[in-house]
Chemist: 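Dumping the structure here so I can ask a few things about it.
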Amino acid sequence: MLRRFPYLIITGLLLLMSNLTFANDIWIDVRTTDEFNAGHIEGAKHIPYEEIAARIDEVTTDKDATIRLYCRSGNRSGIALQTLQAIGFKNAVNEGGYEALLQKQASQ
C-alpha cells in the first residue's frame, strides 16, 4: 500500500489539474432563452447560435480561449462552432447536446 501512495497522490493531482483546466473553459449555451431557462450547465453563458458572432465579445475577445458550445442535439452548436472559427476563434469545441452532457457529468 505504501508503494502505491505516491502513485495515488500523482493521480489525484493530475485529476485536480484537469478539472481546473476544464473549469477555465468558457461554456456557451446556444439554445433558445426558454431552453436555457429550463436548465443549463452551471456557469454557462447564454448566446443563441444565430447571435454568436455579434455577441461573443460579451464573453471573450481572446481568440485562443477554449470555448465549449452546446445545444439540444449538437446541430446549433455545430453552426455556432463554424461561425466562431470563421471569425478566428481557434479553440472552440462542439460539445453536442445538453442531455448527453448531463449524463456525462453524472457518470464522472
Side-chain angles (χ1 to χ4, degrees):
M1 178 69 177
L2 289 177
R3 285 186 171 179
R4 293 187 59 198
F5 189 69
Y7 171 79
L8 294 173
I9 290 175
I10 291 170
T11 302
L13 288 173
L14 288 173
L15 286 171
L16 179 62
M17 289 170 52
S18 68
N19 286 338
L20 290 175
T21 301
F22 199 63
N24 290 331
D25 296 349
I26 299 166
W27 285 83
I28 300 178
D29 185 323
V30 299
R31 299 176 299 159
T32 66
T33 300
D34 287 342
E35 288 173 307
F36 181 81
N37 289 340
H40 55 271
I41 300 296
E42 184 177 341
K45 307 297 181 197
H46 177 239
I47 303 177
Y49 78 99
E50 62 271 292
E51 299 174 17
I52 196 80
R55 294 185 50 203
I56 188 62
D57 63 340
E58 295 173 16
V59 179
T60 187
T61 56
D62 181 1
K63 303 275 183 165
D64 294 318
T66 300
I67 301 170
R68 300 188 177 279
L69 305 159
Y70 70 93
C71 61
R72 183 183 51 80
S73 66
N75 186 41
R76 290 173 285 179
S77 51
I79 295 169
L81 171 64
Q82 291 175 350
T83 302
L84 289 178
Q85 288 173 335
I87 60 175
F89 285 86
K90 300 175 187 108
N91 296 313
V93 179
N94 180 357
E95 291 291 345
Y98 173 66
E99 294 295 329
L101 284 170
L102 289 180
Q103 290 175 2
K104 184 176 177 182
Q105 283 184 340
S107 68
Q108 291 179 349

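Quick caveat: nothing in here was measured; it's all calculated off a predicted structure.
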Chemist: Test side chain to side chain donor-acceptor pair (under 3.5 Å) on N94 and S77 and set out the steps.
Modeler: CA-CA 6 Å; N94 180 357; S77 51; 2.6 Å; yes

Chemist: Roughly how far, to the nearest 0.5 Å, is CG of L84 from CD1 of I28?
Modeler: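 Here the interatomic distance stands at 6.5 Å.
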
Chemist: Flag the pair F89 / T60 as yes when at least one side-chain heavy-atom distance between them is below 4.5 Å, and no otherwise.
Modeler: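 Contact flag for F89/T60 side chains = yes.
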
Chemist: How long is the straight-line distance from OG1 of T66 back to CD1 of I26, given to the nearest 0.5 Å?
Modeler: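 That separation rounds to 8.0 Å.
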
Chemist: To the nearest 0.5 Å, what is the distance between OG1 on T83 and OH on Y49?
Modeler: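 Between atom OG1 of T83 and atom OH of Y49 there are 9.5 Å.
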
Chemist: Hey, are the side chains of I87 and I52 touching, using non-hydrogen atoms and a 4.5 Å cut-off?
Modeler: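 When only atoms from C-beta onward are counted, I52 and I87 do not touch, as no gap falls below 4.5 Å.
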
Chemist: Got a sec, which residues hit side chain to side chain donor-acceptor pair (under 3.5 Å) with E58, two or more places apart in sequence or on another chain?
Modeler: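 E58 satisfies side chain to side chain donor-acceptor pair (under 3.5 Å) with R55 once adjacent residues are dropped.
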
Chemist: Give the C-alpha distance, both sets of side-chain angles, the deciding distance and a yes or no for side chain to side chain contact (heavy atoms under 4.5 Å, CB included) between W27 and L101.
Modeler: CA-CA 12 Å; W27 285 83; L101 284 170; 3.8 Å; yes

Chemist: What are the two closest non-hydrogen atoms of A54 and D57, and how far apart are they?
Modeler: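 So the minimum-distance heavy-atom pair works out to O-OD1, 3.6 Å.
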
Chemist: Can you tell me how far CG of D29 sits from NZ of K45, rounded to the nearest 0.5 angstrom?
Modeler: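 The NZ atom of K45 sits 12.0 Å away from the CG atom of D29.
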
Chemist: Shortest non-hydrogen contact from E35 to R31?
Modeler: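 Result for this residue pair: OE1-CB, 3.0 Å.
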
Chemist: Report yes if some heavy atom in the side chain of T32 is under 4.5 Å from a heavy atom in the side chain of R76; otherwise report no.
Modeler: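 A side-chain contact exists here, since the closest heavy-atom pair is under 4.5 Å.
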
Chemist: Show me the side-chain donor-acceptor pairs of residues 36-44 shorter than 3.5 Å, one per line, residues at least two apart or across chains.
Modeler:
| residue | atom | partner | partner atom | Å |
| --- | --- | --- | --- | --- |
| N37 | ND2 | T33 | O | 3.3 |
| H40 | ND1 | F36 | O | 3.0 |

Chemist: So do D25 and V93 actually touch side chain to side chain, heavy atoms under 4.5 Å?
Modeler: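 No, too far: nothing below the 4.5 Å cut-off.
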
Chemist: How about I67 and N91: do any of their side-chain heavy atoms sit closer than 4.5 Å?
Modeler: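 No. Closest side-chain heavy atoms not under 4.5 Å.
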
Chemist: Quick check: closest heavy atoms across A80 and V30, and the distance to 0.1 Å?
Modeler: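 Minimum heavy-atom contact is CB-CG1, 3.9 Å.
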
